[in-house]
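It should be emphasised that the depicted structure is a prediction, and the values quoted were computed from it without experimental measurement.
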Amino acid sequence: MPKKFPFSQTPKESTPQSFVVLITRQGKVGDIFLYILAILFSLSSTSCKKLVSIPEPVNTITTAETFSADAQANSTMSGIYANMMNNGLVFSDGAISIYSGLSADELVDLFSPTANPTAYQFFKNDILYNNSNITTYFWKPAYFAINQANSIISGIASSTGMSDSAKKVFTGEAKFVRAFCYFYLTNLFGNVPLVLTTDFNQTALLARADQAIIYQNIIQDLKDAQGLLLEDFSVGKGERIRPNKWAATALLARVYLFTQKYDSAITQANSVINNNQYNLVDLNNVFNKNSLESIWQLQQDISYSPYNATLEGLNYFIPKFYPNINPSVPVSTNLTRYMPSLSLSNELVNSFDSGDLRKQVWVGNTSATTGSVSNGTVYYFALKYILGSSTVPPFSSNTAPPQYYTVLRLGEQYLIRAEAEANSPNGISAAISDLNIIRARAQLLPYAGPSDQTSVINAIMHERQVELFCEWGHRWFDLKRWDVATQVLTANKGFPVNINSLLLPIPSSEIQIDYNLIQNPGY
């Protein structure tokens with residue numbers, strides 16, 4: 001049997017009260033932030049990772065101390081990103097790419113239904129209302145980051161020791177993080193509680209806000225962030241690990257596309273594409289740390305070994321010995337070591353055009369190993385990230401990693417602009433031009449199909465499938481927003497996919513505490 005997902009196991013802890021309101025129960029801003037820092041300290045201790053870089057002891061810092069100087073506030077802001085990236089394959093640390101890929105038609109779960117039922121439910125598009133992964137790997141970490149962001153916004157607003165320039169930048173970053181989290185929450189769950197304050201009296205029994213309202217707040221936060229953030233990468237000391245103005249712009253372009261504000265999407269994507277800090281790069285270098293294509297990346301904790309586990313769940317995308325780095329181990333007795341836990345679907349593998357360089361560079365297969373592989377079966381897997389002990393060469397902990405986890409990149413911006421142009425009057429020619437820029441990098445000939453709107457949009461849909469596969473749930477969200485999810489998934493997966501499965505269930509533990517929360521249909 002292939003190895004189990006460690007992140008599909010039943011969590012060790014259970015939270016008896018609503019997580020949305022848990023962090024805001026303290027009432028005062030100082031106590032709220034103290035509580036958050038205590039949680040961060042606890043998380044770092046239990047995961048054996050260096051999680052947050054805040055002056056010691058973290059569990060005695062008051063809000064006044066935290067925001068008494070620029071450097072301390074900067075360290076606190078850095079802690080948000082550390083927690084987003086180094087917290088055990090949850091939410092922004094791999095879970096979105098993995099579970100959304102299973103829900104869509106990208107990944108095939110090689111486990112039996114009984115071996116990992118909570119993960120297998122995503123693959124079968126038949127998630128039970130009490131699936132523990134929903135709370136532990138999506139709801140909790142997303143709202144945890146949102147509450148961190150809210151506390152930072154409040155703490156900065158009341159600070160008397162910070163410079164005005166630092167206040168602007170860190171407030172902009174906090175608003176960006178809040179918008180980023182809500183984008184994924186609303187695309188995963190639909191209507192969700194909108195928490196914009198640390199005041200428990202306002203958040204204790206929140207109902208679900210309409211998705212249109214969620215998007216309005218996302219757009220406003222990103223617009224605010226655009227005006228507050230710096231244009232360069234100086235906050236990250238030259239590395240692309242802290243969002244700047246263009247990260248906010250790139251995410252705003254995506255949000256405008258999702259909300260069908262096509263003119264605005266074109267405007268925002270134009271701003272990023274025309275900025276000389278970003279360029280398309282060779283396919284082998286797209287996901288390298290500080291790649292010119294990267295707009296924003298998350299940096300893994302290199303003290304954690306194997307720290308490759310924080311890169312899109314790499315241990316589950318790539319077979320343990322790919323290529324064969326341990327030839328002394330007989331293949332015949334260790335077949336599962338040559339099998340990915342998650343293989344690419346036949347539909348995805350076969351969707352690449354003949355000669356598409358992306359298939360050669362970004363798709364691996366088990367035929368590269370020595371000897372018989374699982375009785376001759378060849379499995380394909382995502383190979384966008386090569387970092388870690390699963391590959392050659394293996395990288396040990398505390399060494400400089402060659403890759404960071406890329407969250408936003410320029411390739412997506414061309415496809416955002418192309419789709420928006422195709423949906424705009426007289427925009428077909430421009431859409432084809434952008435489409436061909438992405439195709440050219442993959443060493444494909446220019447698009448030569450019909451130039452009617454439907455055909456061009458279909459071509460862009462296909463290009464998004466093969467360019468953005470296994471990245472941040474793009475395929476899952478695309479199928480849903482194009483209103484073709486049930487049709488495409490039913491055809492590609494071979495079993496009926498119900499419309500109710502397109503949204504995750506609201507965690508039952510939340511509904512038990514907050515009587516204003518209403519469950520999604522079908523659960």
Side-chain angles (χ1 to χ4, degrees), residues 81 84-85 92 96-97 145 149 169 172-184 186-187 215 217-236 239-281 286-299 384 404-421 431 434-435 437-438 441 460 463-464 467-468 471-475 477-478 481:
Y81 306 120
M84 290 174 68
M85 182 58 191
S92 51
I96 290 174
S97 296
V169 170
E173 287 192 62
K175 289 195 172 188
F176 172 87
V177 167
R178 187 168 67 184
F180 174 81
C181 292
Y182 270 119
F183 172 82
Y184 282 99
T186 194
N187 276 282
Y215 270 126
N217 280 273
I218 291 172
I219 290 171
Q220 188 58 58
D221 271 350
L222 292 174
K223 285 182 174 180
D224 290 347
Q226 282 181 313
L228 295 168
L229 294 172
L230 301 179
E231 297 192 11
D232 58 20
F233 302 102
S234 57
V235 177
E239 296 204 273
R240 303 184 175 211
I241 57 176
R242 298 284 285 268
N244 62 11
K245 174 182 178 179
W246 307 111
T249 304
L251 184 55
L252 186 57
R254 183 195 295 177
V255 170
Y256 279 139
L257 180 70
F258 274 50
T259 54
Q260 300 181 4
K261 297 179 173 63
Y262 297 121
D263 288 345
S264 296
I266 292 170
T267 298
Q268 301 302 318
N270 275 341
S271 297
V272 180
I273 292 170
N274 294 332
N275 188 289
N276 60 13
Q277 294 182 102
Y278 310 103
N279 284 295
L280 294 179
V281 299
V286 170
F287 303 99
N288 287 355
K289 66 176 184 178
N290 304 315
S291 158
L292 288 177
E293 180 159 343
S294 63
I295 300 169
W296 178 42
Q297 298 178 312
L298 286 170
Q299 181 183 33
K384 289 183 171 180
Y404 291 153
Y405 193 14
T406 301
V407 188
L408 298 169
R409 64 183 179 92
L410 189 63
E412 182 199 357
Q413 295 298 303
Y414 278 102
L415 293 173
I416 287 174
R417 191 170 71 175
E419 185 177 343
E421 289 165 337
D434 278 337
L435 179 66
I437 289 173
I438 298 299
R441 179 171 65 170
I460 294 169
E463 207 64 33
R464 288 184 64 90
E467 175 72 21
L468 302 173
E471 291 184 52
W472 290 96
H474 284 294
R475 176 66 172 173
F477 297 160
D478 284 348
R481 69 185 178 87

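- No side-chain heavy atom of Q297 sits under 4.5 Å from any side-chain heavy atom of V407.
- Note: T259 OG1 to R254 CZ = 12.5 Å, rounded to the nearest 0.5 Å.
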Test side chain to side chain contact (heavy atoms under 4.5 Å, CB included) on Y405 and M85; report intermediate values, then the result. CA-CA 8 Å; Y405 193 14; M85 182 58 191; 3.5 Å; yes

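- For R441, the salt bridge (Lys or Arg N to Asp or Glu O under 4.0 Å) partners at least two apart in sequence or on another chain are E293, E467.
- With rounding to the nearest 0.5 angstrom, the CG atom of N275 is 8.5 Å from the OG atom of S271.
- Side-chain contact between K223 and L252 is present, with at least one heavy-atom pair separated by less than 4.5 Å.
- No side-chain donor-acceptor contact under 3.5 Å links T186 to the backbone of F183.
- Considering only heavy atoms from C-beta on, V235 comes within 4.5 Å of E173 through its side chain.
- Contact detail for A179 and D221: the closest heavy-atom pair is CB-CB, 3.9 Å.
- Between E471 and H474, the closest heavy-atom pair is O-CD2, 2.9 Å.
- The backbone N or O of R240 sits less than 3.5 Å from a side-chain atom of N290, completing a donor-acceptor pair.
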For E419 and R481: C-alpha separation, side-chain torsions, deciding distance, then whether salt bridge (Lys or Arg N to Asp or Glu O under 4.0 Å) applies. CA-CA 13 Å; E419 185 177 343; R481 69 185 178 87; 2.8 Å; yes

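- Atom-to-atom distance recorded for I460:CD1 and D478:CG is 11.5 Å, nearest 0.5 angstrom.
- Minimum interatomic distance between G172 and A225 (heavy atoms only, all atoms of both residues): O-CB, 3.5 Å.
- We find the CZ-CG distance between R409 and L468 to be 5.5 Å, quoted to the nearest 0.5 Å.
- Taken from CG in N217 to NZ in K175, the straight-line distance is 10.0 Å, to the nearest 0.5 Å.
- For the pair T406 (side chain) and S294 (backbone), a donor-acceptor distance under 3.5 Å is absent.
- Across Y278 and V272, no two heavy atoms sit closer than the pair CD1-O, 3.9 Å.
- Listed by chain and residue number, nothing satisfies the side-chain hydrogen bond (donor to acceptor under 3.5 Å, both in side chains) test with Q260 (two or more places apart in sequence, or in another chain).
- The two residues L229 and A248 have their closest heavy-atom pair at CD1-CB, 4.3 Å.
- With sequence neighbours excluded, no residue forms a ring-ring contact (aromatic ring centres under 6.0 Å, His included) with Y81.
- When all heavy atoms of I416 and A250 are compared, the pair lying nearest together is CD1-O, 4.5 Å.
- N288 places no side-chain N or O within 3.5 Å of a backbone atom of S291 that could act as its donor or acceptor partner.
- Contacts of I241 classified as side chain to side chain contact (heavy atoms under 4.5 Å, CB included), with partners at least two apart in sequence or in another chain: E239, Q299, Y404.
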Please tabulate, for the side chains in residues 261-268, all donor-acceptor contacts under 3.5 angstrom to protein atoms that are two or more places apart in sequence or on a different chain.
| unit_1 | atom_1 | unit_2 | atom_2 | d |
| --- | --- | --- | --- | --- |
| T267 | OG1 | D263 | O | 3.0 |
| Q268 | OE1 | Q226 | NE2 | 2.9 |

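- When side chains are defined from C-beta on, L228 does not count as touching V169, because their heavy atoms never get closer than 4.5 Å.
- With contacts defined as side-chain heavy-atom distances shorter than 4.5 Å, the pair E231/N244 does not qualify.
- Atoms CD and CG, from Q413 and N274 in turn, are 11.0 Å apart once rounded to the nearest 0.5 Å.
- Between the N279 side chain and the L292 main chain, no donor and acceptor come within less than 3.5 Å of each other.
- Here Y184 pairs with F180, W472, F477 under the ring-ring contact (aromatic ring centres under 6.0 Å, His included) rule; sequence neighbours left out.
- Between V177 and C181 there is a side-chain heavy-atom pair separated by less than 4.5 Å.
- D434 has its side chain out of reach of L415: every pair of non-hydrogen atoms, C-beta onward, lies at least 4.5 Å apart.
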